[in-house]
A.B. asks: 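Sending over a structure as structure tokens; questions will come in a sec.
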Amino acid sequence: MTTASLAHTAPQDTLSAAMKKGSAVEHDQAEGSSFMAALLDGRMDAGGYIAYLQRLRIVYAALESTAATLADDPIAAPVIDPALNRLAAIDADLAHWAPSGLPAFSSPAATAYAERIAETASWSGAFVAHHYTRYLGDLSGGQAIGRILDRTFDLDGGGIAFYAFDEVGKVKPYKDRYRDRLDAIGEAMSDADRDRLVDEVRFAFNCNQALFAELSELHPGR
């Protein structure tokens, strides 16, 4: 797996700060997609959300499979935590949203995203970049999405297990500990590897942007 070097971290930055600052543009572009705007505004219909969950399942299957491969890796192991796993929650949510069965679909964007994650087994620093992009996002903005869905569809807590992280305890302290673990990983890295990892965070947000673009075309919202 190769990545062109795009981001350069400042020596004084912790790794978590470098990851956030170095990917700010890509993060904003992904969040600004028309699909995400419709979701956040309560304008996405059930079919669009089901399509989103189906694609997330492909991505998280790759994340969890690669995490199992890297469970003993000195770089990746500090952030790998079974309490974060989302596959079972996604399956529960899909059963809620589509009790009669799921629509057939194909997703070049989700497939490419999953393939990229699988490639990170060759260098676990890149896996950390994808782990951070997805899971810390779920623990941050994802919590707002869960509340919006609950309100928009009058779910009364049903169908949004994806956003429930009961096993991690209080979210804010967990996120702080997660960033501390990232910073410890960064302290053991060369500057070149830190830059490489930050580049992969940018790539991960681009994968998300491609997934949202695909969804925006298929499900423009109400």
Side-chain angles (χ1 to χ4, degrees), residues 30 33 35-36 38-40 42 44-71 76 79-121 127-128 130-169 171 174-175 178 204 207-216 218-219 221:
S33 71
F35 177 85
M36 188 54 63
L39 190 63
L40 292 172
M44 184 51 58
D45 59 21
Y49 187 64
I50 290 168
Y52 179 46
L53 284 176
Q54 286 181 293
R55 285 158 176 78
L56 287 183
R57 196 189 191 289
I58 294 172
V59 173
Y60 283 87
L63 273 171
E64 292 183 19
S65 174
T66 309
T69 299
L70 296 175
V79 297
I80 293 172
D81 182 356
L84 295 173
N85 287 353
R86 296 290 89 195
L87 271 184
I90 292 173
D91 286 342
D93 287 349
L94 284 169
H96 176 96
W97 286 87
S100 299
L102 294 167
F105 81 107
S106 63
S107 175
T111 299
Y113 193 171
E115 289 174 351
R116 182 69 174 200
I117 291 169
E119 290 175 4
T120 67
F127 174 77
V128 170
H130 286 272
H131 194 278
Y132 158 87
T133 303
R134 286 295 343 160
Y135 291 117
L136 209 63
D138 297 335
L139 290 166
S140 300
Q143 301 303 293
I145 294 173
R147 291 190 294 271
I148 290 167
L149 288 167
D150 198 19
R151 181 173 65 249
T152 300
F153 292 95
D154 195 20
L155 297 173
D156 194 25
I160 50 173
F162 177 74
Y163 305 100
F165 286 86
D166 297 337
E167 293 185 28
V168 307
V171 169
Y174 186 91
K175 288 164 57 178
Y178 185 97
C207 288
N208 280 283
Q209 190 174 356
L211 191 150
F212 292 145
E214 180 180 277
L215 285 164
S216 296
L218 295 170
H219 300 276

A.B. asks: Only counting residues at least two apart or in another chain, list the ones meeting side chain to side chain contact (heavy atoms under 4.5 Å, CB included) with Ala83.
C.D. replies: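 Side chain to side chain contact (heavy atoms under 4.5 Å, CB included) check on Ala83 returns Asp81, Glu167, Val168.
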A.B. asks: Applying ring pair (Phe, Tyr, Trp, His ring centres under 6.0 Å), can you list everything that pairs with Phe35, at least two apart in sequence or on another chain?
C.D. replies: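 Ring pair (Phe, Tyr, Trp, His ring centres under 6.0 Å) list for Phe35, sorted by chain: Tyr52.
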A.B. asks: Could you pull out the closest heavy-atom pair between Ala204 and Thr133, with the gap in Å?
C.D. replies: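 Minimum heavy-atom separation between Ala204 and Thr133: CB-OG1, 3.6 Å.
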A.B. asks: Just jot down the side chain to side chain contact (heavy atoms under 4.5 Å, CB included) partners of Ala118, sequence neighbours excluded, or say none.
C.D. replies: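 Partners of Ala118 under the side chain to side chain contact (heavy atoms under 4.5 Å, CB included) test: none.
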A.B. asks: Return the OH to OH distance between Tyr174 and Tyr135, rounded to the nearest 0.5 Å.
C.D. replies: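 Interatomic distance, Tyr174 OH to Tyr135 OH, rounded to 0.5 Å: 9.5 Å.
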A.B. asks: With a 6.0 Å cut-off on the ring centroids, do Phe162 and Tyr60 count as close?
C.D. replies: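 When the ring centroids of Phe162 and Tyr60 are compared, they turn out to be within the sub-6.0 Å range.
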A.B. asks: Closer than 3.5 angstrom, by distance alone: can the side chain of Thr120 be matched with the main-chain N or O of Ile117 as a donor-acceptor pair?
C.D. replies: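 At least one qualifying donor-acceptor pair exists.
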A.B. asks: Is the shortest heavy-atom distance from the side chain of Ile58 to the side chain of Tyr113 under 4.5 Å?
C.D. replies: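 Of all side-chain heavy-atom pairs linking Tyr113 with Ile58, none is under 4.5 Å.
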A.B. asks: Find the distance between CD1 (Ile80) and CG (Leu63) and round it off to the nearest 0.5 Å.
C.D. replies: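 Spacing of CD1 (Ile80) from CG (Leu63) equals 10.0 Å.
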A.B. asks: Who pairs with Thr111 by side chain to side chain donor-acceptor pair (under 3.5 Å), at least two apart in sequence or on another chain?
C.D. replies: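 Thr111 satisfies side chain to side chain donor-acceptor pair (under 3.5 Å) with no residue once adjacent residues are dropped.
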A.B. asks: Output all residues satisfying ring pair (Phe, Tyr, Trp, His ring centres under 6.0 Å) with Phe127, sequence neighbours left out; order by chain, then residue number.
C.D. replies: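 Partners of Phe127 under the ring pair (Phe, Tyr, Trp, His ring centres under 6.0 Å) test: His131.
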A.B. asks: For Glu214, enumerate each residue passing the salt bridge (charged side-chain N to carboxylate O under 4.0 Å, His left out) test, keeping only those at least two apart in sequence or located in another chain.
C.D. replies: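 With neighbours one apart ignored, the set is Arg55.
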A.B. asks: After noting the C-alpha distance and the side-chain angles of His130 and Val59, does the key distance pass the side-chain contact (heavy atoms from CB on, under 4.5 Å) rule?
C.D. replies: CA-CA 10 Å; His130 286 272; Val59 173; over 6 Å; no
A.B. asks: Side chain of Tyr132, backbone of Tyr178: donor and acceptor closer than 3.5 Å?
C.D. replies: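 Looks like no, no N/O pair under 3.5 Å.
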A.B. asks: Which side-chain hydrogen bond (donor to acceptor under 3.5 Å, both in side chains) pairs, counting each pair once, include a residue from residues 82-92, with sequence neighbours left out?
C.D. replies: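 Those involving residues 82-92 are Arg57-Asp91.
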A.B. asks: Which pair of heavy atoms, one from Val128 and one from Ala76, lies closest together, and at what distance?
C.D. replies: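 What the structure gives for the nearest pair is CG2-CA, 3.9 Å.
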A.B. asks: Taking C-beta and beyond as the side chain, do Leu84 and Leu139 meet within less than 4.5 Å on heavy atoms?
C.D. replies: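 Heavy-atom side-chain distance check passes, below 4.5 Å.
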A.B. asks: Got a sec, which pairs hit salt bridge (Lys or Arg N to Asp or Glu O under 4.0 Å) with one end in residues 137-158, sequence neighbours left out?
C.D. replies: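 Qualifying pairs: Arg134-Asp138.
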A.B. asks: List in chain and number order the residues that pass side chain to side chain contact (heavy atoms under 4.5 Å, CB included) with Ala92, two or more places apart in sequence or in another chain; answer none if no residue qualifies.
C.D. replies: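 In terms of side chain to side chain contact (heavy atoms under 4.5 Å, CB included), with neighbours along the sequence ignored, Ala92 is linked to no residue.
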A.B. asks: Leu102: which residues meet the side chain to side chain contact (heavy atoms under 4.5 Å, CB included) condition with it, sequence neighbours left out?
C.D. replies: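 Only Ile50, Gln54, Leu94, Ala98 meet the side chain to side chain contact (heavy atoms under 4.5 Å, CB included) criterion with Leu102.
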A.B. asks: Where do Leu215 and Ala51 come nearest, in terms of heavy atoms and distance?
C.D. replies: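 What the structure gives for the nearest pair is CD2-CB, 3.7 Å.
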A.B. asks: Can you find a heavy atom in the side chain of Phe212 that is under 4.5 Å from one in the side chain of Leu39?
C.D. replies: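 The answer is no, as the side chains (C-beta and beyond) never meet within the 4.5 Å cut-off.
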A.B. asks: Can you name the ring pair (Phe, Tyr, Trp, His ring centres under 6.0 Å) partners of Phe153, sequence neighbours left out?
C.D. replies: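 With sequence neighbours excluded, Phe153 shows a ring pair (Phe, Tyr, Trp, His ring centres under 6.0 Å) to Trp97, given in chain and number order.
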A.B. asks: How about His96 and Leu155: do any of their side-chain heavy atoms sit closer than 4.5 Å?
C.D. replies: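 Of all side-chain heavy-atom pairs linking Leu155 with His96, at least one is under 4.5 Å.
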A.B. asks: Where is the tightest heavy-atom contact between Tyr49 and Met44, given as atom of each residue plus distance?
C.D. replies: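 Closest pair (atom of Tyr49, atom of Met44, distance): N-CG, 4.0 Å.
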A.B. asks: Within the distance-only criterion (no hydrogens, no angle test), does the side chain of Ser65 pair as donor or acceptor with the backbone N or O of Ala61 below 3.5 angstrom?
C.D. replies: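 A pair under 3.5 Å: no.
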